Enquirer: 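First the structure, which I've put down as structure tokens, then a few questions once you've had a look.
As the structure is a computational prediction, the values presented were derived from the model and not from experiment. Reminder, nothing fancy here: chain letters follow the sequence lines and each chain counts from 1.
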Amino acid sequence: MQLIECPWCGPREEVEFHYGGQAHVPYPDHPAEVSDEEWAHYVFFRDNTKGRFAERWCHSAGCRRWFNAIRDTATYRFESVHRLDAPQPHATELARSRRSTAP
Amino acid sequence: MTSPFRTAEGGRIDRATTLEFTFDGQTHTGHPGDTLASALLAAGRHQVATSIKLGPPRGIAAAWAEDPGGLVQIEEPFPEPMLLATTVELHDGLVAHGLPGQGRLAEISDSARYDAVHHHVDVLVVGAGPAGLAAALTAARSGARVALVDDQSEAGGSLLSGTDRLDGGPALEWVAAAVAELAGHPEVLHLQRTTAFGSYDDGFVLALERRTDHLGTAAPKHVSRQRVWRLRARSVVVATGAHERPVVFSDNDRPGTMLAGAARTFLHRYGVLPGRQAVVFTTNDSAYDAALDLHRAGVRVQAVVDARPAGSPRREECERAGIRVLSGAVVTGTQGVERITHARVAAFADGEVGAVSAIACDVLLVSGGWNPAVHLFSQARGRLRYDEALGAFLPAEELDGLSVTGAAAGVFDLAGCLTDGQRVARAALTALAVPPPGEDRLPTAPEPVAPAAPLVLWRVPDTSGAGGHTSFVDLQRDATVADIERAVGAGLRSIEHIKRYTTIGTAHDQGKTSGVLTSGITAELLGVPVQATGTTTFRPPYTPVAFAALAGRDRGRLFDPERVTSLHDWHVAAGAVFEDVGQWKRPRHYPRPGEDMEAAVLRECAAARTGVGLLDGSTLGKIDVQGPDAAVLLDRLYTNLMSSLKVGSVRYGVMCGVDGMVIDDGTVLRLAEDRFLLLTTTGGAAKVLDWMEEWAQTEWPDLRVHCTSVTEQWNTFPVVGPRSRDVIGAVFPQVDVANEAFPFMTWRDATLDGVPVRLARISFSGELAFEVYVNPWYGVAVWERLLEAGRPYGITPYGTETMHVLRAEKGYPIIGQDTDGTVTPHDLGMAWAVSKKKPDFVGKRSFARQANQDPLRKQLVGLLPVDRRTVLPEGSQIVELHADGQLPPPPVPMLGHVTSSYRSAELARPFALALVKGGRSRIGDTVHVPVDGTLVPVEVTGSVLVDPEGARRDG
């Protein structure tokens, strides 16, 4: 069982955590103004990266806080974890491909 | 019975104590320190069982967990199947018999205790042989926190099986000193009889400690029988030794055929001779020790048959002892009936077998080399490489936090194991930034004699005429060389496929002796390097682990938490029949003598509709939402407007996912400008709290709001029915319960003998109803006051089944029963609960998607069986007949399904709720529901079947 570093509590066993999918997929500022296709991309589409991936995690059986992580989806290794109120160093670099594929 | 094969002296057994045991109905004796296998061998018995498919006798072929043959069923002290005679420690009164590969589970429940312990260390050393002990000593001397686990009854590993010397004395004296030194380090945990069976991520290792098995009936009841250690180590040192590998030849399954190293173990550790006349067949030097040791112990060693043309430098040593050595020769087969009588021996050169002659023997010792026990390394995803010289797989890489040492890493000499164990431990400490100890002396081992190169020989060509059908690769599975040939002939190339085709390596021993043999033979047949064939994947557990041990204390009622309300004892006393709702135990109904559920529910429903009923609704989820922005958060998450709710009022609300599908519903009480109490479904409570916290933390961290579960801080008792106002008025005389003063969907605070109570006009039945909220400490008292006050009106406690009937009659959906994650509020007919004023809320944008505008979406409707008798089974499909009354040809289009179905006292007929394609446009139509092979006609109606105009809610 893997250890995951909670940025608030330190390393804890993975069963204490809940996976929250891809990070940096913001809720649209004005949902009413986006096209059906753009909205569908927000609701249904996520990247399926092999390798480094920016993800959301929640320490649900601990402090219950959400945080972001950079993890390698092939090796499961966590590269770094980030509080939501801290700088997100890889947010732009690992931003979802939706930006480039959406019309 | 006597033990004719017991040596006069020696071994690690307590000869002063005699134990009696029964095997296959015969009584034998042994000593503490024996295994069942060593005691049977001492009695001269090799055969343990017969083979699973073919039926010939099978015997003890190894001395520990790698034995593919000696499976037994324990009968006393407690029935347990599929254990190895070689790993069952002998105790007085043991009753066992041999098993042909299939055992029998106990028919009675196991009363033994099992438990688990979590333990964190800096360094975990697996294996207390020379390499492991050296590593553990170095780690312990540094002051690090250390665990040393070993699967044998005592430390020493391979030293228990030999005559090695250290520091000029017996090596076991050094072992004893090492164990004593470890015991003196307060940060060291040393566990024997403990098998590390699984190695996982980040230094997580599971180990099974057998705590009382060796005590038999003398085991103290208060001590757990077995314990799973959940070890978390910053660094793991794997020092698990090696398994000897057999060579495959014809009739190699005959009892009396045994690994050479196992014979040494039986001799030195247990004081048992495996026979009187031995032939030793080897491809390497290690078996010469077995030949010489047995010779010294009085066994007549007929011949050492060495497959290597040049033989061994140890040939002279044997010949001085009068042992014949045949170099460049192999054993091609065996003779005998239930026990070997002859080994068939032939010259062997360039893969060709010469003329065969038979040598008399009662035991044939075999060594084809050694396979490092790389299981834990491989389970941790370490890559292996094939070593051409050893004919074995070795770790091919360094892993972070897991290192391999000693024979498991291919180091086979004693001095090398000691220095390698120390080296690996020092490297591990350095990686952990723990200074290695200054004083760290290793014992002096004799200078190792370089062995002659082994010959890699997987199998001896079958000259018996059996075509490989008697050349066993996996004795437990009766799988032979012929089976591998057939698999390859069928086109299989992957070793994983060949494993599954032949079943090799799938028995209790998981291929400890057969796995590498199969890789080698397959590579030969395919004409590819063994490295290319590789091994099958090593998976936990290393040795079989009982489910009881894995379950530990999480059995029976402790398997999953049971949640009960403060009224639980009252419900039990009232004869309630309970149902599980999530982890909650909820009364389903309260049958009176002679009533079945149907009768009880009809009575309870009638009481609530015509008099007054009382429900324990305490399991409803409750979330306290506080903060200046509480209303903002609720406006964004509920489909309707919550910020406009007045303090003192209540509003029903629906929550949707971003896809617009309903995820929960419930009522919201506004307690103050900045405080709300949310009621959720019983099963949705945790999910809704998660959902709210996720949005508040990840999308809107600027909102000043906090959400707290208060489910268990409040009891909730709905008082339901036309007489509920009388009951509430009687219990709370200071509260004006008149409709004008206390209207529907409002709440009031009250007190009862100084205890704060909250009252709310909320109805989940359509009837006049009040919900009573109170601190659970006073729950029973308030409940009994309500019952007392309701007695003149025949107040009737009712359960969840009646609650369901009452709500379904009103068309109130249960989220998760009448919905399935594809249902919008509009599908439920709840457009009225969706705000048109709010610019946005979670889910709103999705309502505009084309798919959600489709008039043929499944919509919630009512169904009334035309026969007024049939209770439609929930989950039934709904179909439509052609105009001619015929069913459409298959596949028959499905219109939807029945989501809720009950018998109604009020309607005097059964009814149902259903999700039906374009359901609201079908109201008045007749559709059909297949029930038990007949098509039941049902009328589609609106979803509200009782009091559609809502006349009853105010009484």
Side-chain angles (χ1 to χ4, degrees), chain A residues 1-5 7-8 10-15 17-46 55-68 71-72 74-78 82-86 88, chain B residues 118 120 198-206 228 230-234 379-381 399-401 540 636-637 656-661 686-687 689-703 706-709 836 838-853:
Chain A
M1 191 190 314
Q2 244 185 303
L3 292 177
I4 297 175
E5 180 91 16
W8 301 90
R12 295 289 189 275
E13 294 200 337
E14 65 181 83
V15 290
F17 294 84
H18 181 81
Y19 182 62
Q22 185 169 12
H24 313 306
V25 184
Y27 189 74
D29 289 336
H30 302 288
E33 293 167 17
V34 301
S35 69
D36 274 3
E37 187 165 353
E38 284 169 318
W39 180 252
H41 271 269
Y42 166 72
V43 176
F44 300 113
F45 283 55
R46 295 295 182 272
E55 303 173 330
R56 304 187 316 151
W57 286 82
C58 180
H59 191 194
S60 42
C63 64
R64 295 190 62 78
R65 292 203 197 229
W66 284 87
F67 59 93
N68 290 331
R71 189 181 65 107
D72 189 311
T75 65
Y76 307 155
R77 295 288 100 186
F78 280 74
H82 308 277
R83 294 182 184 184
L84 297 184
D85 59 358
Q88 307 290 318
Chain B
H118 291 257
H120 294 249
S199 156
Y200 306 84
D201 292 308
D202 294 326
F204 188 58
V205 172
L206 291 179
V228 172
R230 303 167 62 88
L231 301 163
R232 179 73 74 170
R234 296 169 71 203
Q379 287 172 12
R381 287 282 166 263
L399 294 182
D400 266 357
R636 291 181 187 180
L637 292 178
C656 291
V658 288
D659 58 359
M661 303 304 156
K687 193 177 62 179
L689 183 65
D690 286 349
W691 180 246
M692 298 179 72
E693 286 187 337
E694 178 181 342
W695 285 96
Q697 287 184 40
T698 65
E699 281 295 338
W700 308 312
D702 52 309
L703 294 185
H706 290 278
C707 307
T708 309
S709 169
K836 296 191 176 52
K838 288 195 287 185
D840 190 40
F841 54 82
V842 170
K844 179 181 170 81
R845 176 64 184 80
S846 287
F847 296 150
R849 295 181 64 237
Q850 196 179 357
N852 291 340
Q853 303 284 324

Enquirer: Select one option (side chain, backbone, both, neither) describing which atoms of A:L3 are under 4.5 Å from chain B's heavy atoms.
Expert: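 Both backbone and side chain.
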
Enquirer: So for atom NE2, which belongs to B:H706, do other residues, nucleotides or ligands contribute more than 12 heavy atoms lying within a distance under 6.0 Å?
Expert: no

Enquirer: For B:S846 versus A:V43, what's the shortest heavy-atom pair and its separation?
Expert: OG-CG2, 4.2 Å

Enquirer: Answer whether the closest heavy-atom distance between the side chains of B:D201 and A:M1 falls below 4.5 Å.
Expert: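 Contact flag for B:D201/A:M1 side chains = no.
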
Enquirer: Please report the shortest heavy-atom distance between A:D36 and B:Q850, naming the atom on each side.
Expert: OD2-N, 4.3 Å

Enquirer: Counting N and O atoms only, with roles assigned by atom type, does the side chain of B:E699 sit under 3.5 Å from a partner on the main chain of A:Y27, one being a donor and the other an acceptor?
Expert: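 Indeed, once roles are kept as given, a pair shorter than 3.5 Å links the two residues.
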
Enquirer: Please tell me if the side chains of B:P701 and A:L84 come closer than 4.5 Å, counting only heavy atoms from C-beta onward.
Expert: no

Enquirer: Top residue by heavy-atom pair count (under 4.5 Å) with chain A, among B:R849, B:E694, B:E693?
Expert: B:E694

Enquirer: Under 4.5 Å from any heavy atom of chain A, what part of B:D659 do you find: side chain, backbone, both or neither?
Expert: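 It is both, since atoms from each part get that close.
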
Enquirer: Which atoms of B:F841 come close to chain A, meaning under 4.5 Å heavy atom to heavy atom: side chain ones, backbone ones, both, or neither?
Expert: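 Backbone of B:F841 only, per the 4.5 Å heavy-atom cut-off to chain A.
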
Enquirer: Could you look at A:W66 and say if it's the side chain, the backbone, both or neither that has a heavy atom under 4.5 Å from chain B?
Expert: both

Enquirer: Return the set of residues passing ring pair (Phe, Tyr, Trp, His ring centres under 6.0 Å) with B:W700 (not counting sequence neighbours), or none when no residue passes.
Expert: B:W695

Enquirer: Provide the closest heavy-atom pair for A:W39 versus B:R845 in the form atom of the first, atom of the second, distance.
Expert: CD2-CG, 3.2 Å

Enquirer: Taking side chain as everything from C-beta outward and backbone as N, CA, C, O, which of these in A:R65 sits under 4.5 Å from a heavy atom of chain B? Side chain, backbone, both or neither.
Expert: both

Enquirer: Is there a donor-acceptor contact under 3.5 Å linking the side chains of B:D202 and A:Y76?
Expert: no

Enquirer: Between atom CZ of B:F204 and atom CD of A:E14, what is the distance when rounded to the nearest 0.5 Å?
Expert: 9.5 Å

Enquirer: Would the distance check show the side chain of B:Q697 and the main-chain N or O of A:R64 forming a donor-acceptor pair, the cut-off being under 3.5 Å?
Expert: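 Yes, B:Q697 side chain to A:R64 backbone: donor-acceptor pair under 3.5 Å.
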
Enquirer: Regarding B:R232 and A:E13, does a basic nitrogen lie under 4.0 Å from an acidic carboxylate oxygen?
Expert: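 A:E13 and B:R232: salt-bridged.
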
